[in-house]
Amino acid sequence: MPELPEVETVRRGLKALVVGKKIVDVQVLWPKIVTNDSEEFKQQLAGRTIEAIDRRGKYLLFRLSGHLTMVSHLRMEGRYFLNQSDEPVTKHTHVIIAFTDRTQLRYADVRKFGRMTLLKTGQENQLSGIHALGPEPLSPDFQVADFYQRLQKHKKNIKAVLLDQHTVAGLGNIYCDEVLWLSKIHPLLPANRVTFTQAQSLHAAIQAELKKAVAAGGTTIRSYVDANGDSGHFQFNLHVYGREGQPCERCGALIQKIKVGGRGTHFCPQEQVLPADSTMAVIQ
DNA sequence: CGCTAGACCTGGCAGC
DNA sequence: TGCTGCCAGGTCTAGC
């Protein structure tokens with residue numbers, strides 16, 4: 001479900017709702033969600049206080065007293081809710097973290113793709129998903145020259161390279177399509193054919209778009225809601241994602257949808273074109 | 001090493 | 001009303 005702006009919005013909401021709360025009890029209803037041993041996970045969490053909530057890419061990092069960190073990835077449909085302990089537990093709730101004030105942080109996930117891992121603070125950088133993560137796009141670590149160099153290393157298409165979290169952290173299927181449209185780059189262009197000027201354009205579009213999406217509370221297409229149960233608003237600012245068959249806002253050509261690396265990919269066929277000498281395979 | 005297809009899961013929706 | 005097949009804000013891994 002969520003890309004960087006949605007995860008950041010969840011983080012901000014959760015921060016206001018649960019930082020400072022002390023955990024009394026934990027229930028794990030679907031053990032695969034937790035990569036640790038369930039019993040150990042429950043025992044280690046009990047008695048801890050949530051001191052802060054950070055984010056790295058699409059990962060949430062719950063900072064707990066005693067130098068522990070609970071890493072949480074929402075994958076496609078993970079959601080957090082704060083409930084009173086006497087409220088009925090809904091069908092897709094898989095983890096319940098109960099606090100001393102009789103409220104509960106509940107993790108729900110229809111598709112059960114999300115994962116949580118408890119480890120010592122500092123060790124999160126050794127998690128396979130985090131250790132080689134690319135730069136945070138909204139931090140000074142994200143530099144055009146380095147971004148351009150990373151793109152030059154790959155022959156595969158630019159869309160797949162942007163989706164690869166090693167290139168830059170936090171982009172997903174929606175924002176990839178959007179920034180490629182903003183920069184007028186065809187999603188199938190080999191990444192090493194992106195010019196420095198195009199890389200500059202992409203770099204600027206990534207920062208501007210993610211900033212705007214965070215300010216709008218993220219994008220809600222189907223299921224995403226923040227920690228308060230509110231939808232985001234950025235879906236009203238999308239230019240290509242989900243707009244197959246509708247006119248491009250700039251040129252009026254009809255937005256096309258193709259498959260790239262198994263992901264639905266939207267683009268303007270008139271403005272996002274492959275260079276004539278490109279050796280690209282046929283686009284259906 | 002690079003790339004693709006499949007796995008992990010469930011539900012909504014289009015089409016018949 | 002059903003049934004079938006396809007699709008979905010993500011990532012990991014097996015296999016070529």
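Predicted model only: the values in this text are computed from it and were never measured. Every chain is numbered from 1, with letters handed out A, B, ... down the list of sequences.
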**Student:** Describe the nucleic acid contact of A/K91 in one word from base, sugar-phosphate, nothing, applying a heavy-atom distance below 4.0 Å.
**Tutor:** sugar-phosphate
**Student:** How about A/S72 and A/Y80: does a side-chain donor come under 3.5 Å of a side-chain acceptor?
**Tutor:** yes
**Student:** Could you please name the option among C/dA8, C/dT11, C/dC12 that lies closest to any side-chain atom of A/K257?
**Tutor:** C/dA8
**Student:** For A/H92 and C/dA8, what is the distance between atoms NE2 and P respectively, to the nearest whole Å?
**Tutor:** 20 Å
**Student:** Using the closest heavy atom to pick a nucleotide of DNA chain C for each, name whichever of A/G129 or A/R111 lands nearer the 5' end.
**Tutor:** A/R111
**Student:** Tell me whether the OP1 or OP2 atom of C/dG10 has a side-chain N or O from A/Q165 closer than 4.0 Å.
**Tutor:** no
**Student:** Just N and O in the side chain of A/K58: are any of them under 4.0 Å from OP1 or OP2 of C/dG10?
**Tutor:** yes
**Student:** Given C/dC12, C/dG10, C/dA8, which nucleotide is nearest the side-chain atoms of A/Y241?
**Tutor:** C/dA8
**Student:** Of the candidate nucleotides B/dC9, B/dC3, C/dT11, which contains the atom at the shortest distance from the side chain of A/K112?
**Tutor:** B/dC9
**Student:** Between B/dG12 and C/dT11, how many Å separate the two P atoms, rounded to a whole number?
**Tutor:** 24 Å
**Student:** A/H239 vs A/W181 aromatic rings, parallel, tilted or perpendicular, using cut-offs 30° and 60°?
**Tutor:** parallel
**Student:** When A/P187 is tested against each of A/V240, A/L180, A/L274 for side chain to side chain contact (heavy atoms under 4.5 Å, CB included), which residue passes?
**Tutor:** A/L180
**Student:** What interatomic distance, in whole Å, is found between C1' of C/dC3 and the corresponding atom of B/dC8?
**Tutor:** 25 Å
**Student:** Would you indicate which nucleotide in B/dG11, B/dC8, C/dG10 comes nearest to any side-chain atom of A/V110?
**Tutor:** B/dG11
**Student:** In whole angstrom, what separates A/R263's CZ from B/dT4's P?
**Tutor:** 14 Å
**Student:** Counting only side-chain nitrogens and oxygens, does A/K155 get under 4.0 Å of the OP1 or OP2 atom of B/dC1?
**Tutor:** no
**Student:** Would you call A/F113 stacked on B/dC9, i.e. ring centres under 5.5 Å apart with the planes less than 30° off parallel?
**Tutor:** no
**Student:** Could you state the atom-to-atom distance from CG of A/D164 to P of B/dC1 in whole Å?
**Tutor:** 13 Å
**Student:** Base, sugar-phosphate, or nothing for A/H73, non-hydrogen atoms under 4.0 angstrom?
**Tutor:** sugar-phosphate
**Student:** Whole angstroms only, please: what is the NE2-C1' distance between A/H131 and C/dC12?
**Tutor:** 13 Å
**Student:** Of the nucleotides B/dC9, B/dC3, C/dG10, which has the atom closest to the A/W30 side chain?
**Tutor:** B/dC9
**Student:** Using whole Å, report how far NE2 of A/H94 lies from C1' of B/dT10.
**Tutor:** 9 Å
**Student:** Send over the distance from A/R56 CZ to C/dG10 P, rounded to a whole Å.
**Tutor:** 17 Å
**Student:** Parallel, tilted or perpendicular: which describes the rings of A/F196 and A/Y148, with under 30° parallel and over 60° perpendicular?
**Tutor:** perpendicular
**Student:** Kindly say if A/S128 contacts the phosphate of C/dC12, meaning a side-chain N or O under 4.0 Å from OP1 or OP2.
**Tutor:** yes
**Student:** At less than 4.0 Å, is any side-chain N or O atom of A/K156 found next to OP1 or OP2 of B/dC3? Yes or no.
**Tutor:** yes
**Student:** Nearest whole Å is fine: how far is B/dC1 P from A/H166 NE2?
**Tutor:** 11 Å
**Student:** Counting Watson-Crick and G-U wobble pairs only, both distances under 3.5 Å, name the nucleotide matched with B/dC9, or none.
**Tutor:** none
**Student:** Between the side chain of A/E51 and the main-chain N/O of A/V19, is any donor-acceptor distance below 3.5 Å?
**Tutor:** no
**Student:** In terms of the angle between their ring planes, are A/Y107 and A/H94 parallel, tilted or perpendicular, with boundaries placed at 30° and 60°?
**Tutor:** tilted
**Student:** Expressed in angstrom and rounded to an integer, what is the separation of A/K259 atom NZ from B/dC3 atom P?
**Tutor:** 19 Å
**Student:** For the backbone of A/H166 and the side chain of A/R150, can you confirm whether one donor and one acceptor N or O come within less than 3.5 Å of each other?
**Tutor:** yes
**Student:** When rounded to the nearest Å, what value does the distance between P atoms of B/dG6 and C/dC7 take?
**Tutor:** 14 Å
**Student:** Report which part of the nucleic acid A/G262 touches: base, sugar-phosphate, or nothing (heavy-atom distance under 4.0 Å, all strands).
**Tutor:** nothing
**Student:** In whole Å, what separates the P atom of B/dA5 from that of C/dA8?
**Tutor:** 15 Å
**Student:** Under 4.0 Å from OP1 or OP2 of B/dC9: is there any side-chain N or O of A/K32 that close?
**Tutor:** yes
